[in-house]
Amino acid sequence: MKLQWLDHDKDSRELFKEYSLSFKQMVFSGHPCYMVNNPLFKDATPVVLYDQQQVIGFFMFVEASDYTESLSNADEAIYIRGLSIDSKYQGQGYFKHVLNAIEQVARNKGKKYIVMTTNKLNKTAYQTFLHKGFEKYEPIGYYGYRQLLHFLKKRVVD
């Protein structure tokens with residue numbers, strides 16, 4: 001597995017032209033092209049996970065955000081957004097690699113926590129993150145137009 005940080009100014013269409021997500025996954029996570037090129041997410045660092053030469057997964061991280069501020073030590077957390085695994089590679093164990101990579105990024109940045117949200121309607125993601133050691137740290141909140149979110153965190157350093 002290899003990680004690559006992307007530059008927002010780079011045209012990502014070619015990189016992600018074969019990357020596929022179900023409609024539901026695109027609603028909950030956003031396609032990587034959308035995430036990288038959306039000016040709302042310019043404060044986030046896009047990261048691509050490769051297996052050999054194939055793009056397998058994607059996520060973005062922010063070292064400070066509205067979501068980390070609710071923690072008592074907001075500077076000790078990174079916020080993850082847009083996490084996805086290409087649908088061609090789902091169910092093959094890559095999710096574990098992406099989570100390990102996120103934990104390593106957090107540690108390398110000197111952070112103690114990973115913070116993320118899941119849409120309340122995305123029960124599969126919510127249960128998966130709980131199973132992987134995340135815990136709910138705030139009541140369900142609203143974001144945007146009628147989106148109910150679970151706020152999750154995971155400690156990566158003692």
Side-chain angles (χ1 to χ4, degrees), residues 1 3 6 12 16-38 40-41 43-51 54-74 76-107 109 111-158:
M1 294 297 129
L3 292 180
L6 292 183
S12 61
F16 294 114
K17 72 179 180 180
E18 302 292 326
Y19 199 96
S20 64
L21 295 173
S22 71
F23 176 76
K24 182 178 171 184
Q25 290 171 317
M26 282 203 275
V27 169
F28 291 140
S29 297
H31 191 277
C33 276
Y34 167 77
M35 300 299 291
V36 171
N37 295 306
N38 189 323
L40 294 174
F41 306 135
D43 62 338
T45 302
V47 181
V48 178
L49 178 74
Y50 289 91
D51 187 0
Q54 297 300 312
V55 175
I56 302 297
F58 174 83
F59 66 91
M60 298 177 88
F61 71 88
V62 183
E63 292 191 52
S65 79
D66 294 341
Y67 299 117
T68 59
E69 287 175 8
S70 61
L71 294 170
S72 59
N73 297 330
E76 295 181 342
I78 61 170
Y79 174 66
I80 302 300
R81 68 178 337 132
L83 172 60
S84 66
I85 303 293
D86 185 313
S87 60
K88 295 182 292 294
Y89 302 103
Q90 292 176 10
Q92 298 179 35
Y94 288 109
F95 183 71
K96 181 175 88 172
H97 293 290
V98 171
L99 283 181
N100 288 341
I102 291 169
E103 289 180 19
Q104 191 59 49
V105 167
R107 284 188 206 97
K109 296 283 184 184
K111 306 299 182 182
K112 291 184 180 180
Y113 297 97
I114 298 167
V115 177
M116 62 176 44
T117 58
T118 62
N119 189 297
K120 186 174 189 257
L121 299 175
N122 193 351
K123 293 176 171 72
T124 302
Y126 178 66
Q127 291 301 322
T128 299
F129 288 118
L130 292 178
H131 179 73
K132 297 293 184 182
F134 284 80
E135 59 188 47
K136 194 170 166 181
Y137 75 91
E138 276 193 13
I140 292 174
Y142 288 94
Y143 178 76
Y145 178 69
R146 298 172 60 181
Q147 289 187 23
L148 291 169
L149 301 176
H150 293 288
F151 294 86
L152 303 169
K153 72 176 179 178
K154 181 177 183 178
R155 187 174 187 91
V156 293
V157 177
D158 291 329

Legend entry - Spacing of CD1 belonging to Ile56 relative to OH belonging to Tyr94, to within rounding of 0.5 Å: 4.5 Å
Inset, instruction - Start with the C-alpha distance between Tyr34 and Met26, add both sets of side-chain angles, then the distance that settles side chain to side chain contact (heavy atoms under 4.5 Å, CB included), and finish with yes or no. - result: CA-CA 9 Å; Tyr34 167 77; Met26 282 203 275; over 6 Å; no
Legend entry - Nearest-0.5 Å distance that lies between atom CD1 in Ile102 and atom CG in Leu49: 9.5 Å
Inset, instruction - Could you grab the distance from atom CE of Met60 to atom OG of Ser29, nearest 0.5 Å is fine? - result: 12.5 Å
Inset, instruction - Let me know which of Leu83, Ile78, Ile114 forms a side chain to side chain contact (heavy atoms under 4.5 Å, CB included) with Phe61. - result: Ile78
Legend entry - Flag, side chain of Lys88 to backbone of Glu18, donor-acceptor distance under 3.5 Å: yes
Legend entry - Gap separating the CD1 atom of Ile80 from the CZ atom of Phe59, nearest 0.5 angstrom: 5.5 Å
Legend entry - salt bridge (charged side-chain N to carboxylate O under 4.0 Å, His left out) pairs, two or more places apart, involving residues 94-104: Glu103-Arg107, Glu103-Lys154
Inset, instruction - Would you check if the side chain of Glu76 reaches a backbone N or O of Tyr113 as a donor-acceptor pair within less than 3.5 Å? - result: no
Legend entry - Gap between atom CG of Leu152 and atom NZ of Lys132 - 0.5 Å precision: 14.5 Å
Legend entry - Test item: Gln54 side-chain N/O and Asp51 main-chain N/O as donor-acceptor pair under 3.5 Å: no
Inset, instruction - Kindly indicate whether the side chain of Ser84, heavy atoms from C-beta on, has any atom under 4.5 Å from the side chain of Pro32. - result: yes
Legend entry - Pairwise distance CD(Gln25) to CG(Asp86) - rounded to 0.5 angstrom: 9.0 Å
Inset, instruction - With sequence neighbours left out, write down each residue that passes side chain to side chain donor-acceptor pair (under 3.5 Å) with Asn100, or none if nothing qualifies. - result: none
What pairs of donor and acceptor atoms, side-chain ones from residues 121-131 against any protein atom, are under 3.5 angstrom apart with sequence neighbours left out?
| unit_1 | atom_1 | unit_2 | atom_2 | d |
| --- | --- | --- | --- | --- |
| Asn122 | OD1 | Ala125 | N | 3.3 |
| Thr128 | OG1 | Thr124 | O | 2.7 |

Inset, instruction - Starting from the C-alpha separation in whole Å, work towards a yes-or-no answer on side chain to side chain contact (heavy atoms under 4.5 Å, CB included) for Tyr79 and Asp43. - result: CA-CA 11 Å; Tyr79 174 66; Asp43 62 338; over 6 Å; no
Legend entry - Shortest non-hydrogen separation from Lys111 to Val156 and the atoms involved: O-CG2, 3.7 Å
Legend entry - Side chains of Thr118 and Lys136 in contact at under 4.5 Å (non-hydrogen atoms): no
Legend entry - Step-by-step side chain to side chain contact (heavy atoms under 4.5 Å, CB included) determination, Val36 to Phe58: CA-CA 10 Å; Val36 171; Phe58 174 83; 3.7 Å; yes
Inset, instruction - Can you label the angle between the Phe16 ring and the Tyr19 ring as parallel, tilted or perpendicular, going by 30° and 60°? - result: perpendicular
Inset, instruction - Keeping the roles fixed (side chain from Ser87, backbone from Ser20), state whether a donor-acceptor pair exists under 3.5 Å. - result: yes
